[in-house]
Structure formats: C-alpha cells, structure tokens
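What follows is a set of notes on a single structure, which appears directly below.
Please read all numbers here as calculations on a predicted model, not as lab measurements. Chain naming here is simple, since letters A, B, ... match the order of the sequence lines and numbering starts at 1 in each.
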There are 2 protein chains.
Amino acid sequence: MDVSTLAQSVIAGDRRALARAITLVESAREDHRTQARALVAAVAKGGRQALRIGLSGTPGVGKSTFIESFGCFLTAQGLRVAVLAVDPSSARSGGSILGDKTRMERLSRDPLAFIRPSPSQTHLGGVARRTREAVTLCEAAGYDVVLIETVGVGQSETMVAEMCDLFLLLLAPAGGDELQGVKRGIMEMADLILVNKADGDLKPAALRTQADYAGALRLLRHRPQDPEGFPKAMTVSALEEAGLAQVWSEITTLAEWRRAEGHWDSRRAAQARHWFEEEVRQGLLASLARDPLRGLMGQLGEAVGQGRRTPDEAAAELLALLGR
Amino acid sequence: MDVSTLAQSVIAGDRRALARAITLVESAREDHRTQARALVAAVAKGGRQALRIGLSGTPGVGKSTFIESFGCFLTAQGLRVAVLAVDPSSARSGGSILGDKTRMERLSRDPLAFIRPSPSQTHLGGVARRTREAVTLCEAAGYDVVLIETVGVGQSETMVAEMCDLFLLLLAPAGGDELQGVKRGIMEMADLILVNKADGDLKPAALRTQADYAGALRLLRHRPQDPEGFPKAMTVSALEEAGLAQVWSEITTLAEWRRAEGHWDSRRAAQARHWFEEEVRQGLLASLARDPLRGLMGQLGEAVGQGRRTPDEAAAELLALLGR
C-alpha cells in the first residue's frame, strides 16, 4: 500500500490501516523513516485533535485495571479511545506491556477502543518520535481521547508530559508510615493525582494518602496554566469503577479552561517547537555518532570524567575538529 | 599578566589574582575564551577540592542574611569560604546581586571569605560555563567551601545542582494557609530544606512549615545517594545565628557518607561528563546560529508551532541542508 492510500485509510478510521501505520512509524529502517515522515505529514493536514492524556504510575498501582475501567467508562459515553504505551525498559523484556493487552480484556474487545502495546526500542529518542507520531495517527483516525501510558522509569514521564495536554499520576494507598516512592519531579507534571484502590480494607489508607498529597500539592507554586484548585489529588477505585465520572469531570473542566484561556494552543505550539528543536539536536548528535571522530569523543568524555581534561577544553577540541 | 603567572598566583591564594581570573572567564571575547580555557586547565591540574554547596531561595527568604551568618560561622572555624552568585535575571537589572555584597558586610570584610557577585550575562549557557570555571578557580585557590547561590528563576537551580556536591533550599515560614510557592521539581534536588526566620513571632510558623516539608519529603522516593533520613527539613534563624552548627553538622555527615560510599566521586565524574557533552551540544547549536541556514531554522520553527509542518519533517529538511 502506498503512503497516500494508507493515509486515506487511517483518516477513514480503518483500524488495520492504523495498526499498519504505527508499525511503519516504529521502524528504524531508513526507507521506512522517509515513508513514515510523509505519512504523518499527510494525516496531520486534517487538523483533527484528540484530548491527549498522559498517565504514569509504577507497577503495582493498578494501571492496567484503571485503563480498562476508565477506557470502558469513556467508550460507554460513545467516545473513541486509543491507548498507547511507552516503556523504555521493554527493550530488555522484549515488550513488557504486551501482556497488558490481555489484562485489558474488555477494553481490547471494544470496537470504540484501540490499544497499542509498547514496541521494543532501546533508544528513548526513538521511543519519543514513535509515540509522538502514533499520537498524530490516532488523532487523524478520529479518536477522541488518546491515553499515553508510561511506567515511572527514567526520563519517560518528562517525555510523555511534553506530548500530552494533561497528565495523570496514579498512586497506590500508603499503609501507615510506608513511603510512597513518588519520584521527585513528577509532582511538577501532574495535573491530577489519583490514589487508586480506594476500596475494601484499603479505603481509609487511600483517603489518608489522598489528604497527604493534597497537602503536598498546596505547598507548591501555582502554575499559570491551572485554574483555581488544580492540580488536585483524588481517590478512585478502578476495581469497583468508583470515582471515574469525577475524574472525567475534572479532566474536562481543566481541558475546557485551558482551551478558553489559550493555554491549550500555546502548549501544543510550544511542544511542537520543542520536538522540532529536539529532533535537530538529536540529529546533530546522531551525526556525531556516525562521524569518524566518534572514537575521539568517547576518549575525551573518559578523560573529562577522570579529571584529566576540563569539559570546556575537551569540547573546544572536538568542535574545532568538527569544523563547527 | 600571562596565563601561567596568573594560574600560579591563583594557586598561591592571591585574592586579586582570583578576582582577575574570574573576570577573564566571564569575558565572551574570543581571545579571552582561549586564555580562560588554558587558565582553568592549568589550575585544575592541582586537583584541590572544595565542598561545593548550592543554595536556592526566592527573594525575601533571607538568603543574604543566611549567607552572611553561615559564612561567618564557617570562617570562625578557620574554614575559607567563597560565595558565587548565579542570577540569570541580572542581565536585566545589570547585576542585581551586586547589592548583596554590601548587605554581607561582615563576611565581605572577612579575610577568609571571598564574595563574587553575579555578572551581567544574557545567556544561561554562558552563565553556566562562567560559574563552573569560577568554582574551579576558587577550589584551586584553596577555598574549603564554595557556596553557589541562585535565585529561584527558570533553569538556574538545575544548572547549579549539576555543579555542586549538595544542594540547600532556603524557605520562609508560611503563615496559616499561605502557599509556599516552592517550584515543583526543586524538592527533587534539595538535600536539606532550611526554613529560615525561626525566631520571634515567626518561630511557631517556621516549625509548622518545617513539619509540612518533612512530611512531603517522606512521600518521595529514597535516592541511592542519600543515607537514612536524608533529604531533611530543618529550621534556622540566620538573624539570631541559631541552627547553623546543626546545618553544618548535617552537611558534613552527608558529605562524608557520600565520599565513603563513592557517590561523591561518581557524581563529580558524571557532572564533568555532562558539562562536556553539554558544551559539545551547545557548540553545535551555536554553530547553527552562525550558519547561513539560521533564517530557515527560525521559519521552520514557526511553521511547526503553527502546525503547518510536523516537527520531524522540518528537522529532516534542516539536517539534510546542513549535510548532517
């Protein structure tokens, strides 16, 4: 299938075409890259926008159950939902989130839902590009909500935050003095903190944890892109499907406010410029890795780490040899 | 004075030579840059190390008073203290921290102390390089503690955290429901949170604020570079010079633990490599700004922000034209 036919099928809402298109943007092959770039540019012209929601949470907080419940809640209202997973660690396990699709049994059978597991990728830059392009493809295919799921590993949250309209952090209730283990810096990105498992014996602990985070959020500076009262900490029970309507109501309140105040468009424009500059930067650095001088760069990095050269001296030497 | 004579005078502890050396590293002139690079490389060979302490806090928390009190506390123990200021905003005000030197009256007269106000610089990359090189010069000059002060503006904390061994965050007591306005992400970097003004009427509020932050810190994940109980929140009174010995005791405990566990050396090595790679990256990007294609890069960035081009398409076009 040529690129323009594939683009038309994606826009027409053909699920198999969408899956094939994502496979194309996941490929690292030079000729596939060229096709993928043309495909994404072609479908982006339509200008369809979904609500892009980032979701982070460490293993064990019930992320799959939450996506299953929340996704089904949304499709029950007639909304079309796409789920994309970002898991830079899956390079080791060979696609660890693949298993989740079987755990999202109801949602994966739902005709209004589209679930795409994380590909095996070693390079975070590659994961970012693939995910960004997959989001554009899902938007073009007419999905109303694109959920971008990530595990709390490395830089992946920052990356996801740079490509979504709002960001959810899912936590488990803490028992007594037990530490939550929220990575510092994540609170910076969260628009909603959801304490899951607010059911059965864990309900009191969930409420306590929610109150703790609500308190911690109040200690942070107000961001211009937030209406009064945001970011917010809430409890949910993915298992009992409790609190989902409230979560959706807070999400739409926030999204509508940001649209009305112009934050939505300016954030998307800033994100697009960020990724352009990042691609140029990555491209320049990648060209270094192919450069005959790459061996020298490694040696200079070693020497700098050992204190035998200063960073600036070593950088100046390398740049001079590069003719830059 | 030639570079090697200047290097010798800096190493001999000549304060005027140190001041002159810092002026040299602050210059953006091409020939000065070459000399500065040689100077820093020459003094770095000695391998002297100071304890590099980063300090952040928004205006009004009593940062100058704290530095004055804490600096004098350290010199009273015979320690030599250098204070460097990083204020990217001073480009507008023409060196806003300059005024602070007069507010640190006692410390600036102390023969064991060396205070250097923030230069007027527009470019954060330039501020980073200057500060890093000034730190190396102060270490070579035999200072035991180098305090790197920054205001809570933009990326300056992240930058300072990447060049210090440990990081202090100074806060004012919050009254009642008043918000602290701690920038999200800063808690990630802090090793000690110091609630200042724990004196007079503000003492109860300072204790409450300290307890709030101690609670918030407990919700965050343990970092491998921290012994049990760190990061920590404490109260101090810079005005009454209370709590300074405890702060110093926590700092030395933390520093000794990190040295013993190998975190100190590995952090310094990682920081040096980071700055090398950052310099190469900046150098490549700066060469773009001088490139005949710079106009095109601006236009492409515009087009991407407006959604007329995809980030990857625009980046590929630019990189192809750059021959990269």
Under 4.5 Å from a heavy atom of chain B, the part of A:L284 involved: both
Proximity breakdown for A:E133 and chain B, heavy-atom pairs closer than 4.5 Å: side chain
Under 3.5 Å donor-acceptor pairs involving side-chain atoms of residues 269-277 of chain A, not counting sequence neighbours:
from	atom 1	to	atom 2	distance (Å)
A:Q271	NE2	A:A161	O	3.3
A:Q271	NE2	A:E162	O	3.4
A:Q271	NE2	A:C164	O	3.0
A:W275	NE1	A:E162	O	3.0

Spacing of B:R268 atom CZ and A:Q306 atom CD [to the nearest 0.5 Å]: 16.0 Å
Contact summary for A:A41 and B:T310, nearest pair of heavy atoms: CA-CG2, 3.7 Å
Most chain B-contacting option - heavy-atom pairs closer than 4.5 Å, from A:A216, A:G307, A:A315, A:A303: A:A315
Ion pair check, A:D312 and B:R33, cut-off under 4.0 Å: no
Distance, nearest 0.5 Å, that separates CD of A:E317 from CZ of B:R37: 10.5 Å
Results of side-chain hydrogen bond (donor to acceptor under 3.5 Å, both in side chains) for A:D212 - residues two or more places apart only: none
Toward chain B, the part of A:A44 with a non-hydrogen atom under 4.5 Å: side chain
Where B:L319 and A:V280 come nearest, the two heavy atoms and their spacing: CD2-O, 3.8 Å
